[in-house]
Protein chains: 4
Amino acid sequence: MAHKKREFSDSSPKKRTPQGESKKRLILKVATGVFAEKGFHETTIAQIAQIAKIAEGSIYHYFENKEDLLFSIPEERMENFFSSLREHLEGIKGTLSKLRKIIWYHLHFYEKNQDYVLILLQNIRLNPRFQSTRAYQLIREFAKLVAQIIEEGKKEKVIRSDVDSRLLRDAILGAIEHITIRGSILGRLSTLTEATKPLYDFFVSGIQTQSSMVTLPLREFLRPKKTFRKRIGRRSTKI
Amino acid sequence: MAHKKREFSDSSPKKRTPQGESKKRLILKVATGVFAEKGFHETTIAQIAQIAKIAEGSIYHYFENKEDLLFSIPEERMENFFSSLREHLEGIKGTLSKLRKIIWYHLHFYEKNQDYVLILLQNIRLNPRFQSTRAYQLIREFAKLVAQIIEEGKKEKVIRSDVDSRLLRDAILGAIEHITIRGSILGRLSTLTEATKPLYDFFVSGIQTQSSMVTLPLREFLRPKKTFRKRIGRRSTKI
Amino acid sequence: MAHKKREFSDSSPKKRTPQGESKKRLILKVATGVFAEKGFHETTIAQIAQIAKIAEGSIYHYFENKEDLLFSIPEERMENFFSSLREHLEGIKGTLSKLRKIIWYHLHFYEKNQDYVLILLQNIRLNPRFQSTRAYQLIREFAKLVAQIIEEGKKEKVIRSDVDSRLLRDAILGAIEHITIRGSILGRLSTLTEATKPLYDFFVSGIQTQSSMVTLPLREFLRPKKTFRKRIGRRSTKI
Amino acid sequence: MAHKKREFSDSSPKKRTPQGESKKRLILKVATGVFAEKGFHETTIAQIAQIAKIAEGSIYHYFENKEDLLFSIPEERMENFFSSLREHLEGIKGTLSKLRKIIWYHLHFYEKNQDYVLILLQNIRLNPRFQSTRAYQLIREFAKLVAQIIEEGKKEKVIRSDVDSRLLRDAILGAIEHITIRGSILGRLSTLTEATKPLYDFFVSGIQTQSSMVTLPLREFLRPKKTFRKRIGRRSTKI
DNA sequence: TATGAATGAGAGTTCATTCAT
DNA sequence: AATGAATGAACTCTCATTCAT
């Protein structure tokens, strides 16, 4: 009555316990898909087992419990995300170019990991227990990296010195995330990277027209600079 | 399906303080708090009832089921949010001022409705059934309004004509949301509005320093303008 | 919707005696007994589980829900009833003999399946959802069979040609059922088959005495027959 | 904490508070309809109250509880049924005519009380608590009456002396009930009385053709009668 | 390793019934 | 007499998790 033959090992790239390791991957893959589609709480272990064509109990050989399975999803992906990002940033000169790269890479990554994003944003990120996770550390490191790059930009006088690095970082990441979520709702996830240039432009150059923008700055530019920031500041405050 | 007859019902000293409609408000208030603190799925009806000091069954007098209770939370708040925003925008001239107001108001609203935000962003927004809700319609209307204001800005030549209104809107809202979520994690929700000016500046003026920015534009400004956009475009694409 | 994690699950000394398929039978048997005794609506899943000495949840491994459990009761029995009846009818010549056999077999079956009958008549038969059931189909087939046999009898001139086959069938089945129900109330279910002969006689020979019956028919018999049925008809109608 | 008021007996056949009495009737009428349509257990007090356009609590002014409401349905109807039947039987001579009348009247009553029948047969009759009810007594009396009439018939030599009166009665009533139930399923309840003649004929004359039936009896008729019944009996037993 | 039947705590929900008004 | 908000016991059903095989 032997079911399962699986005579030929399937997709595993390397091998440790070639079979075992690949089965863990299988579970993770299936779980990611189902979680993304139906939501974590609406998904049952039984469903995952059924789709993965394994027994429910087998899932508990690889994962402590349902939440562990959930938290295991970002592990590999974040590792991947972060190391690959570092490669991509390798050799790029200039803060703004790095920033542009980060925006592009982030969108690109979300585009290629659509199901994962939804889970991350909806079910993982705010879970307090997630914060004691390796993946969470990577996210923090990534966030720090972005803030550092911005700080560099400020030192290099490419970015205005009054910019709050962490706030800017959050704004950029937030913009990326929101666009991703909108994309997922509207089914436009596959063209996410197209938003790179406009997003970059929003943040780097702002949205003002040259004419309306320059009027004031230009005069500033030709005059002594000391009062500049103050004036801007004043303008911004009078809501 | 049915219930046993309650054979002996002697032991309960029932209180009855029929405050009428206000009980619905009470439930809503308690539910919002508990949902925000523990999460929707981690909250039980029994808990809500206990905190509200009412019977579990009473909740079902006012709400169809747990999800209906959840979806009822945004109802009033969004109505409030939107109508109050309109008031705030009343009489404001200038697209950028309106935009600044919207940023401020949004942050302000989230600051005053901290628990609500978390629920909205985590448990409500992406639920497909939410989209057949009055509150969802209001959110859509609000989003449209923002995009319209941006469009106006483009017509008035205050905002660059190559700006994608909806994308900009999503970027701004995303930035606000992300900052709010970060704030909730870090316990900084009560100073949210302080982010108004920096956020506004990011989007309106960009983050580039005058010097680095003007170098190129200034030359453009002094020359014939026709090639301007093209050059910017080219620059932006070379990632 | 969801369930709390079972934080500590230490206290249970679980037994596992996987008898496989026979557990479904056990549940069915216990359920039949309790349903018959207390009625479907008055029986709780917990009671069945307790008597069967299994966990409540186990019942839901074998049956979709309580109603499915109810509707599963007739499945096997009707299959049994019908196939066994066919065997019993095998080789019997003559419509009336077949009819007698059916009456006897029906009573015999009810006698041997006392608890089942009550459930069938009280909780199953009139439930609209039952009618999309295999068991219901068998009941229909049985009913058709009886009507067919009566039709045969009419062709063979053993049964009066003016007999409405379906009505006669319903009358016979109704009589059987009512007697069964009375028997169940009076605790006489074990002598049900004794009613075979009298019931058969009621329907086949009628209840009239020879004398009172023959008086008229005999005269008819000795005279030309054509006005016979009419006269009978007239008599019957003058209520 | 005294519940139960009902200090004064309620069930008076005339009227005390014309309004009150008519409201009780209203509730009874509505309840009968809903019970018949959806079944007793599937009907809620709230539904009845809603349809009757009264408050749920009001129902408990007139009825002890839900079951009391159920058992109150037959009360009036059975009273009616029985007294009206007596009138109908008034002046009818001859057992068979009375029997015919009873069949007709029963079908007629069910035809006119369609919703009531279903409730009686499905939810009331077998409920043990019903048997301590006035209505149940009436049913018993009716059943006795039928058996008595049959006994009379035997004394008058119109009905064969070997007929078991109670069994015959049960067979007749069962036939009527089954035909009614079939009628309710098939939506033919409104032509129920048409079954009077065929039913009567089944029981009184039997279903055998004259020819097949008479062959034997005729010979008997011409010979001494004593061995007649025995022979029939013998035939009937050899199943 | 793998299985999947078995578990059982506990969740959401229902609804007959009560009683202050 | 009438109301209907309030009650809360009890029910069905779910499902993460376990463990004997």
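Predicted, not measured: the structure shown is a model, and the values here were computed from it. In what follows, every chain begins at residue 1, and chains take the letters A, B, ... in the order their sequences are listed. Values below: all heavy atoms of this structure, side chains included; hydrogens, waters and symmetry mates excluded.
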Report the distance from atom [atom1] of [X] to atom [atom2] of [N], rounded to the nearest whole Å.
X        : N       : atom1 : atom2 : value
His41(A) : dG10(E) : NE2   : P     : 16 Å
Phe63(A) : dT1(E)  : CZ    : C1'   : 15 Å
Gln50(A) : dC15(F) : CD    : C1'   : 14 Å
Phe40(A) : dA16(F) : CZ    : P     : 8 Å
Ile27(A) : dT1(E)  : CD1   : C1'   : 12 Å
Lys53(A) : dT3(E)  : NZ    : P     : 13 Å
Gln47(C) : dT12(F) : CD    : C1'   : 13 Å
Ile48(A) : dC15(F) : CD1   : P     : 12 Å

Closer to the 5' end of DNA chain F via nearest nucleotide, is it Lys66(A) or Ser58(B)?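 Looking at DNA chain F, the more 5' nearest nucleotide goes with Ser58(B).
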Side chain of [X] - closest among [options]:
X        : options                 : result
Ile54(A) : dT3(E), dA6(E), dA16(F) : dT3(E)
Tyr62(B) : dA5(E), dA5(F), dG12(E) : dA5(F)
Lys23(B) : dA6(F), dA6(E), dA16(E) : dA6(F)

Got a minute to check which stems DNA chain E is part of, using Watson-Crick or G-U wobble pairs under 3.5 Å, three or more consecutive?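 Detected stem regions: E:2-21 with F:2-21.
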Qualifying salt bridge (charged side-chain N to carboxylate O under 4.0 Å, His left out) pairs, either residue in residues 117-127 of chain B, two or more places apart: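 Salt bridge (charged side-chain N to carboxylate O under 4.0 Å, His left out) check on residues 117-127 of chain B returns Arg125(B)-Glu177(B).
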Name all pairs fulfilling the salt bridge (charged side-chain N to carboxylate O under 4.0 Å, His left out) condition that reach into residues 44-53 of chain D, sequence neighbours left out, sorted by first residue then second.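 Those involving residues 44-53 of chain D do not exist here.
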If you assign Ile59(C) and Ile45(D) each to the DNA chain E nucleotide with the nearest heavy atom, which residue ends up on the more 5' nucleotide?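 Its nucleotide being nearer the 5' end, the pick is Ile59(C).
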Does Gln50(A) have more than 12 heavy atoms from other residues, nucleotides or ligands lying within 6.0 Å of its CD?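 Atom CD in Gln50(A) is not crowded, with 12 or fewer foreign heavy atoms closer than 6.0 Å.
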Listed partners of Glu75(A) passing salt bridge (charged side-chain N to carboxylate O under 4.0 Å, His left out), at least two apart: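 Per chain and number, Glu75(A) pairs via salt bridge (charged side-chain N to carboxylate O under 4.0 Å, His left out) with no residue.
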Does dT14(E) have OP1 or OP2 sitting under 4.0 Å from an N or O in the side chain of Tyr60(B)?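 Looking at the OP1 and OP2 atoms of dT14(E), neither is under 4.0 Å from any side-chain N or O of Tyr60(B).
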Name every donor-acceptor pair, under 3.5 Å, that has one atom in a side chain of residues 28-37 of chain B and the other anywhere in the protein, sequence neighbours excluded.
unit_1: Thr32(B); atom_1: OG1; unit_2: Leu28(B); atom_2: O; d: 2.6

Look at the aromatic rings of Phe130(B) and Tyr136(B) and report parallel, tilted or perpendicular, splitting at 30° and 60°.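 Geometry flag for Tyr136(B) against Phe130(B): perpendicular rings.
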Suppose we call a contact any N or O donor and acceptor under 3.5 Å apart; does that hold for the side chain of His61(D) and the base of dA1(F)?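 Result: no qualifying N/O pair found.
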Can you find a donor-acceptor N/O pair under 3.5 angstrom joining the side chain of Glu56(C) to the base of dC13(F)?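 When only heavy-atom distances are counted, Glu56(C) does reach the base of dC13(F) through a donor-acceptor pair under 3.5 Å.
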Identify, with sequence neighbours excluded, every residue that meets side-chain contact (heavy atoms from CB on, under 4.5 Å) alongside Ala46(C).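 Applying side-chain contact (heavy atoms from CB on, under 4.5 Å) to Ala46(C) gives Thr44(C), Glu56(C).
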